[in-house]
Amino acid sequence: MSARAVEIRAAVLEDKGAPLRVETLLLDPPRHDEVLVRVAAAGVCHSDLHLAQGHLGDGRWPVVLGHEGAGVVEAAGESVTHVRPGDRVAFCFVPSCGECRMCVAGRPHLCEPAADRSLAGTLMDGTSRLRRPDGTPIKHFLTVSCFAERCVVPAAGAVPIGDDLPLWQAALVGCGVVTGVGAVRNAARVAEGESVCVIGCGGVGLQVVSGARLARAGRIVAVDRDPAKLALARARGATEVLEAGRDARAALRERLPGGFDHAFEVIGRADTMRLAWDVLRPAGQATIVGIAPAGVELSLRALDLLSEKTLRGSYYGSADVAAELPALVALAAAGEIDLAGVVSHVVGLDEIEEAMGRLRRGEGARTVVVMDSDLAGREPQDG
Ligand code: CND
Ligand code: ZN
């Protein structure tokens with residue numbers, strides 16, 4: 001293991017609302033329980049944009065964003081036993097400690113120390129491996145920071161995934177796929193034949209649609225304001241689509257007058273969360289995946305509670321992500337989850353700000369940023 005810092009190119013967010021700028025940073029070597037990964041590719045998720053827009057709170061910058069990605073292990077600290085240099089890994093952005101209340105209760109995705117460190121922008125020991133050549137410390141995002149040529153992550157944040165899936169596709173598994181499919185399986189527990197409404201069909205919502213299809217849901221109604229997303233949703237198994245507009249509530253009631261067994265909100269807006277609640281049948285469940293900006297409140301008609309509906313959030317697929325990732329990669333490799341088709345743009349690191357702009361404007365589905373085309377198995381493309 002190299003004991004010296006390495007130079008990396010990385011996309012830095014300097015301040016709230018600022019564009020991402022690619023800079024040369026110094027990355028310190030992994031400590032005993034950390035792993036140095038050469039990043040092959042990373043997906044650009046709306047959560048990266050939320051942080052950049054200040055929606056997740058202040059004091060989070062300067063930071064290297066990126067929490068969904070895959071790469072190859074270059075070095076591992078002396079107490080790391082589950083991966084070796086050369087292993088292909090996907091990132092898990094909740095490196096659970098295994099010992100806190102939530103981990104012991106079987107909810108490692110809600111690990112408390114991991115959440116605290118994520119908020120602080122550090123790795124698990126409370127420090128950063130990232131700095132500018134002038135010594136300015138740079139924060140990590142969700143203990144990953146993979147909008148960079150290399151990153152150092154906690155051991156539990158590097159999950160071995162084998163060789164079956166090209167890394168430009170495997171890059172999407174550690175957030176979009178786990179989050180979407182997991183919400184269906186673990187938070188909603190959709191059963192065969194149940195009706196499902198998916199509100200918001202971007203990078204994550206499309207994986208909710210795939211999850212519903214894999215769960216053999218009955219009717220799967222996809223809602224989005226962008227017809228292009230609805231076409232992608234259909235291709236992943238939506239049985240019906242609805243272009244969102246002012247009368248979405250009435251239109252959904254008309255489609256299923258008795259209400260849906262399940263509704264998923266995958267945008268992050270109070271009005272669409274309320275829509276998910278309103279379209280349920282008695283005792284149905286609304287599962288909220290979308291992240292609303294800090295300070296947003298959600299209101300419900302209290303009388304509705306008599307119908308025993310459930311409203312629950314789902315963070316990171318509501319599961320032991322490290323345990324589920326390899327199985328999801330296998331499903332993708334087997335063609336059960338189509339990842340290539342949800343990627344609308346494949347770009348280089350220098351084009352990352354354009355990818356953020358597309359997300360802001362609601363254009364395209366996932367952008368994959370390729371840092372190393374040999375490892376990723378895919379070259380960046382124009383546009
Ligand atoms: P992305 O921007 O790709 O998708 C959002 C979709 O919503 C787009 O297809 C839009 O067209 C659509 N949309 C926006 N506004 C409306 C509207 N008013 N009515 C109908 N459709 C609309 O985002 P993403 O898929 O990357 O992420 C979606 C949300 O999920 C976002 O809030 C992100 O931060 C969150 C999320 C949550 C988690 C978790 O663990 N719970 C993990 N990752 C991302
Ligand atoms: Zn994400």
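Remember, it's 1-based here, ligands and their atoms both numbered in the order they're listed. Because the structure is a prediction, the values reported are computed rather than measured.
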Undergrad: Counting only heavy atoms not in Arg84 (residues, nucleotides, ligands), do more than 12 fall under 6.0 Å from its CZ?
TA: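 Counting neighbours around CZ of Arg84, 12 or fewer heavy atoms of other residues, nucleotides or ligands fall under 6.0 Å, so no.
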Undergrad: Keeping Glu353 on the side-chain end and Leu20 on the backbone end, is there a donor-acceptor pair under 3.5 Å?
TA: yes
Undergrad: Can a donor-acceptor pair be found between the side chains of Asp48 and His67 at a distance below 3.5 Å?
TA: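 Their side chains do contain a donor-acceptor pair, which is all the 3.5 Å distance test asks for.
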Undergrad: Check whether NZ of the Lys or CZ of the Arg Lys139 lies under 6.0 Å from the centre of the six-membered ring of Trp61 and within 45 degrees of that ring's axis.
TA: no
Undergrad: Which residue, Ser47, Ser118, Pro95, forms the side chain to side chain contact (heavy atoms under 4.5 Å, CB included) with Leu142?
TA: Ser118
Undergrad: Please answer whether the main-chain N or O of Gly364 pairs with a side-chain N or O of Ser344 as donor and acceptor at a distance below 3.5 Å.
TA: no
Undergrad: Non-hydrogen atoms closer than 4.0 Å to ligand 1: which protein residues do they belong to? List them by chain and number, please.
TA: Cys45, His46, Ser47, His50, Cys175, Thr179, Gly200, Cys201, Gly202, Gly203, Val204, Asp224, Arg225, Asp226, Lys229, Ala244, Val266, Ile267, Arg269, Val289, Gly290, Ile291, Ser314, Tyr315, Tyr316, Leu359, Arg366
Undergrad: Sub-3.5 Å donor-acceptor pair from the side chain of Asp224 to the main-chain atoms of Cys201, do we have one?
TA: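 Yes.
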Undergrad: Looking only at side chains, do Asp33 and Ser79 share a donor and an acceptor under 3.5 Å apart?
TA: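 Note: Asp33 and Ser79 side chains miss the donor-acceptor criterion.
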Undergrad: Listing by chain and number, which protein N, O or S atoms are under 2.8 Å from the Zn ion (ligand 2)?
TA: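 Near the Zn ion (ligand 2), below 2.8 Å, one finds Cys45 SG, His67 NE2, Cys175 SG.
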Undergrad: Mind checking whether His46 and His50 have parallel, tilted or perpendicular rings, split at 30° and 60°?
TA: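 Geometry flag for His50 against His46: tilted rings.
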